[in-house]
Q: 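The structure that follows is given in the form of structure tokens.
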Amino acid sequence: MKVTLKDGSQITVEKGARIIDVAAQISEGLARVALIARLNGTLVDLTREITEDSTLEILTFKDEEGRNAYRHTCAHVLAQAVKNLYPEAKLAIGPAIKTGFYYDFDLPSSITMDDIPRIEKEMESIIKADFPIERSVVTRKQAVTKMRGFGEIYKLQLIEDLPRGAEITLYSQGNYVDLCAGPHLMSTGKIKCFKLTQITGAYWKGNEQNKMLTRIYGTAFEKKSEMTEYLQAVEDAKKRDHNKIGRELEIFMTDELVGQGLPLFMPKGAKLLQILQRFVEDEEERRGYMFTKTPLMAKSDLYKVSGHWEHYKDGMFVLGDEAMDDEVYALRPMTCPFQYLIYKNGIKSYRDLPCRYSETSTLFRNEASGEMHGLTRVRQFTLSDAHIVCTPEQVEDEFKRILDLILYIEDCLGIRNEISYRFSKWDPKKKSKYINNPKGWNDTQALMKKILDDIGLDYVEADGEAAFYGPKLDLQASNVWGKEDTIITIQIDFGLAERFDMTYIDENGAKQRPMIIHRSSIGSYERTIAMLIEKYAGAFPLWMSPTQVKVMALTDRTTEKCTEVADALKKQGIRTEVDLRNEKIGFKIREAQLDKVPYMLIIGDKEAEAGLVSVRSRKSGDLGTMTLDAFCERVKKEIESFSLEN
RNA sequence: GCUGUUAUGGCUCAGUAGGUAGAGCACGUCCUUGGUAAGGACGAGGUCCCGGGUUCAAGUCCCGGUAACAGCUCCA
């Protein structure tokens with residue numbers, strides 16, 4: 001048999017040779033690290049035999065697929081251990097995930113982290129026993145009989161869900177048998193090190209109508225050092241958690257008297273928000289946007305026209321009871337309908353388009369109580385929102401302009417590398433969630449795809465993530481917990497212009513239907529600030545630091561001089577604070593460092609006499625003395641260039 | 001919303017076995033006038049999240065609520 005390897009080279013093997021033997025034929029070292037293989041494009045176990053001329057790629061822990069098989073096998077070891085310790089436990093599913101693996105169980109009684117050492121110990125002994133892992137292909141009937149025999153009710157449901165004609169395989173190791181597509185390692189002893197990290201609840205099949213099962217998370221590595229490093233990195237990431245340091249740095253707080261998902265911005269946070277808002281609004285104005293300021297609530301009638309009442313009522317804060325014949329109002333969950341009414345105030349000509357309305361818009365969304373998280377998921381937030389009403393021919397150019405603005409803002413914030421792009425489409429199977437106009441969807445999605453491909457954006461497509469009125473380009477970022485959130489979105493709306501009967505008069509005097517693009521530029525200030533806190537661990541770039549310079553007196557002989565210097569800096573527009581307290585300079589510096597103040601100016605008798613300031617940077621420490629003018633120039637240059645260096 | 005964990009001075013946390021509470025930091029006063037990440041002394045400060053229950057007695061045990069955290073689900 002001829003086997004073609006990944007590098008193109010060919011080797012000859014005996015018919016029926018197992019892949020592990022082929023690996024050994026290539027090199028002893030490869031056979032040692034081999035985990036699974038890709039045979040003719042399919043992932044298989046190393047025990048699979050070669051029966052025809054084939055292409056073969058041996059996969060190791062360095063390959064994503066190899067790593068997944070390794071961890072998936074570890075999930076089976078976990079399941080075997082749980083079954084040994086809790087024989088009544090029922091198995092659900094147990095896949096590998098990005099950071100490790102999990103397995104879902106239906107347990108007779110709940111377990112806690114205190115039970116973990118026992119389970120880990122049992123896993124150790126399973127690994128030590130080095131059970132060979134065997135794959136067997138069975139008929140549907142055999143699979144059902146076997147799983148029914150074990151009382152594995154969830155596995156039976158999984159078998160039912162398998163499409164007709166699908167190959168059904170069982171994997172066994174010792175006394176443990178699992179319904180599983182594989183592939184797996186050759187034996188349980190191949191697992192070198194693992195750790196169970198968490199126990200939580202999770203719905204069966206991810207559906208909240210179903211029973212809540214017990215999910216045990218874990219991770220596994222080939223080397224202990226790699227695992228320690230990974231666990232340490234997870235710990236370190238948590239130190240950047242905006243929800244922790246955002247409170248410590250007094251950027252925001254919450255209070256149960258106010259309510260869930262309603263953060264209070266403290267002076268530093270409010271300053272940061274103002275800095276970002278001014279930056280965004282100035283840039284938008286430069287790029288041809290007009291600003292509106294519209295009400296935070298409206299009668300339900302408005303949302304009935306827009307379709308939000310039908311598609312989104314549960315997410316709104318409604319005031320007044322329709323059943324009691326009250327006039328019903330609702331806090332606005334979005335800005336669109338308000339700006340559409342402004343557009344409709346007067347007849348629009350094609351000469352008025354594109355019409356770009358922007359608003360720094362406060363919105364209210366009644367998120368479920370378990371969803372709130374720091375500043376990233378809140379019930380009231382402020383979005384840099386805009387709606388561009390344009391002709392169909394202008395959509396492409398406008399879309400590109402929007403993306404250009406967004407990329408500029410990302411660069412200034414220094415977050416461009418943190419962001420990935422998702423093209424969110426509708427799900428034709430869930431028509432009730434969307435405006436039911438398949439042609440509209442297809443046309444708009446095709447247009448959006450063309451634009452994205454033209455720009456050459458690297459994006460992933462996602463079904464069922466669209467807005468109810470059109471497809472979106474979502475800019476996604478992950479937080480320190482590895483959870484992904486939408487930071488910014490651009491949406492092409494083919495539905496609402498019709499609902500609101502928005503028109504423009506074309507060059508021939510005929511009424512036409514415009515297209516609308518919904519977009520944000522910096523996203524919601526809350527969520528973006530959360531992201532910035534985590535990105536910079538609270539040490540914001542100079543241009544957005546709430547306090548840019550702290551002037552501190554060495555002794556009370558220099559208080560006057562310090563005040564003078566601070567006033568001069570403030571006059572230049574540099575955000576400055578003074579520290580005249582009766583404390584040692586080391587103490588004041590320590591406090592300013594912990595506060596992440598970019599620059600500290602220290603003024604003692606020497607400086608006062610020489611007319612200089614002693615400069616310290618939070619990043620590089622003591623920079624020596626210079627004139628105040630020289631310092632000002634340095635700071636201003638850094639601010640104007642949106643430098644991310646300091 | 002669901003599962004689990006948690007809730008004690010402004011903050012971070014102790015509190016043993018049910019017997020009305022402690023530390024460090026922060027805060028105030030005083031001493032100290034110090035040169036690039038914590039000088040010293042003294043002092044003030046607590047409805048132990050809220051509401052019920054058990055008990056002679058509840059921060060501690062039980063029930064309900066609220067809020068925070070993690071996961072699930074959701075996120076126009």
Side-chain angles (χ1 to χ4, degrees), chain A residues 102 104 107 110-113 197-217 238 241 243-244 247-248 250 253-262 303 306-316 333-334 336 363 365-374 376-379 424 433-435 465-470 472 474 481 483-486 489 491 493 495-496 518 527 552-559 582-595 600-607 614-618 620-625:
Chain A
Y102 67 79
D104 286 349
L107 292 170
S110 69
I111 58 169
T112 67
M113 285 308 281
T197 50
Q198 202 173 189
I199 298 178
T200 64
Y203 298 110
W204 165 236
K205 287 187 182 171
N207 184 335
E208 62 178 329
Q209 307 297 329
N210 290 342
K211 188 171 181 187
M212 172 88 47
L213 306 176
T214 303
R215 174 171 295 179
I216 302 179
Y217 282 95
K238 288 179 191 166
D241 183 0
N243 205 9
K244 185 170 188 296
R247 292 169 197 268
E248 281 168 8
E250 297 183 343
M253 56 170 277
T254 51
D255 192 296
E256 61 181 281
L257 283 175
V258 180
Q260 259 194 309
L262 296 169
Y303 307 110
S306 68
H308 289 103
W309 203 252
E310 180 194 343
H311 289 281
Y312 194 63
K313 191 171 172 222
D314 288 347
M316 290 203 272
M334 74 291 302
C336 346
L363 305 176
R365 300 182 183 183
N366 194 2
E367 304 283 358
S369 64
E371 307 303 339
M372 257 61 76
H373 174 77
T376 54
R377 197 75 181 273
V378 291
R379 283 185 169 148
S424 300
K433 277 183 76 178
Y434 305 97
I435 288 182
E465 294 285 352
F468 75 79
Y469 45 71
K472 309 191 286 177
D474 292 318
W481 301 92
K483 223 175 162 168
E484 205 178 71
D485 274 307
T486 301
T489 166
Q491 311 167 350
D493 171 358
L496 295 185
H518 307 230
R527 197 172 271 188
M552 31 194 117
L554 189 71
T555 75
D556 54 17
R557 289 188 298 280
T558 50
T559 50
N582 176 13
E583 295 290 351
K584 291 211 158 139
I585 200 67
F587 181 85
K588 292 185 185 180
I589 286 170
R590 175 182 155 80
E591 219 165 68
Q593 284 286 153
L594 292 174
D595 251 4
M600 289 154 253
L601 295 186
I602 293 132
I603 301 179
D605 291 331
K606 278 190 279 180
E607 289 82 3
S614 183
V615 181
R616 180 187 166 97
S617 120
R618 73 177 164 202
S620 330
D622 194 352
L623 300 178
T625 54

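Note that the coordinates shown come from a computational prediction; the quantities given were computed from them, not determined experimentally. Each chain gets a letter, A, B and so on, in the order the sequences are listed, and its residues count up from 1. Heavy-atom basis, side chains included; hydrogens, waters and symmetry copies ignored.
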Q: Using the test salt bridge (charged side-chain N to carboxylate O under 4.0 Å, His left out), find all partners of A:K483 that sit at least two apart in sequence or belong to another chain.
A: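 In terms of salt bridge (charged side-chain N to carboxylate O under 4.0 Å, His left out), with neighbours along the sequence ignored, A:K483 is linked to no residue.
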Q: I'd like to know if the side chain of A:R247 reaches the main chain of A:M253, judged simply by a donor and an acceptor atom lying under 3.5 Å from each other, with no hydrogens or angles considered.
A: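 No: the side chain of A:R247 does not pair with the backbone of A:M253.
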Q: Would you mind classifying the nucleic acid contact of A:K606 as base, sugar-phosphate or nothing, using non-hydrogen atoms under 4.0 angstrom?
A: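 Base contact - A:K606 has a heavy atom under 4.0 Å of at least one base atom.
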Q: Could you tell me whether A:A466 contacts a base, only the sugar-phosphate backbone, or nothing, with contacts defined as non-hydrogen atoms closer than 4.0 Å?
A: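 Here A:A466 touches the backbone only, sparing every base.
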Q: Taking atom C1' in both B:G18 and B:C61, compute the distance separating them and give it to the nearest angstrom.
A: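 Straight-line distance between the two C1' atoms is 8 Å.
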Q: Answer with base, sugar-phosphate or nothing: what part of the nucleic acid does A:I602 contact at a heavy-atom distance below 4.0 Å?
A: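 Base contact.
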Q: What residues, two or more places apart in sequence or in another chain, satisfy ring-ring contact (aromatic ring centres under 6.0 Å, His included) together with A:H518?
A: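 So A:H518 forms a ring-ring contact (aromatic ring centres under 6.0 Å, His included) with A:H387, A:Y469.
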Q: Write down the distance separating the C1' atoms in B:G71 and B:A14, rounded off to the nearest Å.
A: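 These two C1' atoms come out 29 Å apart once rounded.
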Q: A:T214 versus A:D104: any side-chain heavy-atom pair under 4.5 Å?
A: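 A:T214 does not reach A:D104 side chain to side chain.
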Q: Apply side chain to side chain donor-acceptor pair (under 3.5 Å) to A:E208 and list each qualifying residue two or more places apart in sequence or on a separate chain.
A: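 With sequence neighbours excluded, A:E208 shows a side chain to side chain donor-acceptor pair (under 3.5 Å) to no residue whatsoever.
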Q: In this structure, how many angstroms lie between the C1' atom of B:A37 and the CG atom of A:D622, rounded?
A: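 The answer, rounded to whole Å, is 13 Å.
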Q: Between B:G45 and B:A26, how many Å separate the two C1' atoms, rounded to a whole number?
A: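 Their C1' atoms lie roughly 12 Å apart.
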Q: Taking NZ in A:K205 as the centre, count heavy atoms belonging to other residues, nucleotides or ligands within less than 6.0 Å. Is the count above 12?
A: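 Enclosed: over 12 neighbouring heavy atoms sit under 6.0 Å from NZ of A:K205.
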Q: Starting from the 5' end of RNA chain B, give me the residue, A:G604 or A:K433, whose nearest nucleotide shows up first.
A: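 Here A:G604 is the residue nearer the 5' end.
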Q: Report the residues that fulfil side chain to side chain contact (heavy atoms under 4.5 Å, CB included) with A:E250, sequence neighbours left out, ordered by chain and then residue number.
A: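 A:E250: side chain to side chain contact (heavy atoms under 4.5 Å, CB included) contacts with A:M266.
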Q: Can you tell me, in whole Å, how much space there is between the P of B:U66 and that of B:G51?
A: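 After rounding to an integer number of Å, I get 15 Å for this pair.
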Q: Let me have a per-nucleotide readout for nucleotides 63-72 of chain B, 5' to 3', with B, S or -, counting only protein heavy atoms under 4.0 Å.
A: ---BSSSSBB
Q: Pick the C1' atom in B:A21 and in B:C62, then give their distance to the nearest Å.
A: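 One C1' to the other, the span is 23 Å.
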Q: Using whole Å, report how far NZ of A:K584 lies from P of B:G39.
A: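 Roughly 6 Å, once rounded to whole Å.
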Q: Under 4.0 angstrom, heavy atoms only, what part of the nucleic acid is A:K472 near: base, sugar-phosphate, or nothing?
A: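 Sugar-phosphate, backbone atoms only, no base.
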Q: Using the C1' atom as the point on both nucleotides, what is the distance between B:C74 and B:U3, in whole Å?
A: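 Each nucleotide's C1' atom is 16 Å from the other's.
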Q: Going by an N to O cut-off under 4.0 Å, is there a salt bridge joining A:R616 and A:D622?
A: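 Between A:D622 and A:R616 there is no salt bridge, as every charged N stays at least 4.0 Å from the carboxylate O atoms.
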Q: Can you check the A:Q209 CD to B:C74 C1' distance for me, whole Å?
A: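 Whole-Å distance recorded here is 12 Å.
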Q: Sort by first number and list every stem of RNA chain B: at least 3 consecutive Watson-Crick or G-U wobble pairs, both distances under 3.5 Å.
A: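 Result, WC/G-U stems under 3.5 Å: B:1-7 with B:66-72, B:10-13 with B:22-25, B:27-31 with B:39-43, B:49-53 with B:61-65.
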Q: Applying a 4.0 Å non-hydrogen cut-off, can you work out what A:I199 is touching in the nucleic acid: base, sugar-phosphate, or nothing?
A: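 It contacts nothing in the nucleic acid.
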Q: Distance check needed: B:U33 P versus A:L554 CG, whole Å only.
A: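 Atom CG in A:L554 sits about 12 Å away from atom P in B:U33.
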Q: Going by the rule side chain to side chain donor-acceptor pair (under 3.5 Å), which residues pair with A:E367 if we only count those two or more places apart in sequence or in a different chain?
A: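 Per chain and number, A:E367 pairs via side chain to side chain donor-acceptor pair (under 3.5 Å) with A:R377.
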Q: Rounded off to whole Å, could you give me the CG-to-P distance for the A:N366 and B:C74 pair?
A: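 Rounding to the nearest Å, CG of A:N366 and P of B:C74 are 17 Å apart.
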Q: With sugar-phosphate meaning primed atoms plus P, OP1 and OP2, does A:E607 contact a base, only sugar-phosphate, or nothing at under 4.0 Å between heavy atoms?
A: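 Result for A:E607 = base.
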Q: For A:K606, give me all partners under salt bridge (charged side-chain N to carboxylate O under 4.0 Å, His left out), at least two apart in sequence or on another chain.
A: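 A:K606: no salt bridge (charged side-chain N to carboxylate O under 4.0 Å, His left out) contacts found.
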Q: Can you tell me the distance, in whole Å, between the NZ atom of A:K244 and the C1' atom of B:C13?
A: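 After rounding, the gap between these two atoms is 12 Å.
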Q: Could you work out which one of B:U36, B:C74, B:A37 sits closest to the side chain of A:R377?
A: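 So the side chain of A:R377 is nearest to B:C74.
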Q: Parallel under 30°, tilted from 30 to 60°, perpendicular over 60°: which one fits the rings of A:Y303 and A:W309?
A: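 Parallel.
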Q: Describe the nucleic acid contact of A:A467 in one word from base, sugar-phosphate, nothing, applying a heavy-atom distance below 4.0 Å.
A: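 Sugar-phosphate only.
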Q: Does A:E465 have any salt bridge (charged side-chain N to carboxylate O under 4.0 Å, His left out) partners at least two apart in sequence or in another chain, and if so, which?
A: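 Result, salt bridge (charged side-chain N to carboxylate O under 4.0 Å, His left out) vs A:E465: A:R422.
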Q: Look at all strands and tell whether A:D605 reaches a base, only sugar-phosphate, or nothing, counting heavy atoms closer than 4.0 Å.
A: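 Base, at least one base atom sits under 4.0 Å.
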Q: In whole Å, I'd like the distance from the CZ atom of A:R590 to the P atom of B:A38.
A: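 It is 7 Å, rounded to the nearest whole Å.
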Q: For nucleotides 24-29 of chain B, tabulate all protein N/O to nucleotide N/O atom pairs closer than 3.5 Å, reporting atom names and distance.
A:
none

Q: Can you check the distance between B:U60 and B:G15, where both ends of the measurement are the C1' atom (answer in whole Å)?
A: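 The answer is 9 Å between these two C1' atoms.
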Q: Take the protein atom CG of A:L594 and the nucleotide atom C1' of B:C11, then report the distance between them rounded to whole Å.
A: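 So the CG-C1' distance, A:L594 to B:C11, works out to 14 Å.
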Q: Under the side chain to side chain donor-acceptor pair (under 3.5 Å) test, which residues partner A:E607, sequence neighbours left out?
A: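 By the side chain to side chain donor-acceptor pair (under 3.5 Å) rule, A:E607 matches no residue at all.
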Q: Taking the P atom of each, how far is B:G59 from B:U16, in whole Å?
A: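 Between the two P atoms, the distance is 13 Å.
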Q: Name all residues meeting the salt bridge (charged side-chain N to carboxylate O under 4.0 Å, His left out) criterion together with A:R557; count only those two or more places apart in sequence or in a different chain, and write none if there are none.
A: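 For A:R557, the residues satisfying salt bridge (charged side-chain N to carboxylate O under 4.0 Å, His left out) (neighbours in sequence not counted) are A:D605.
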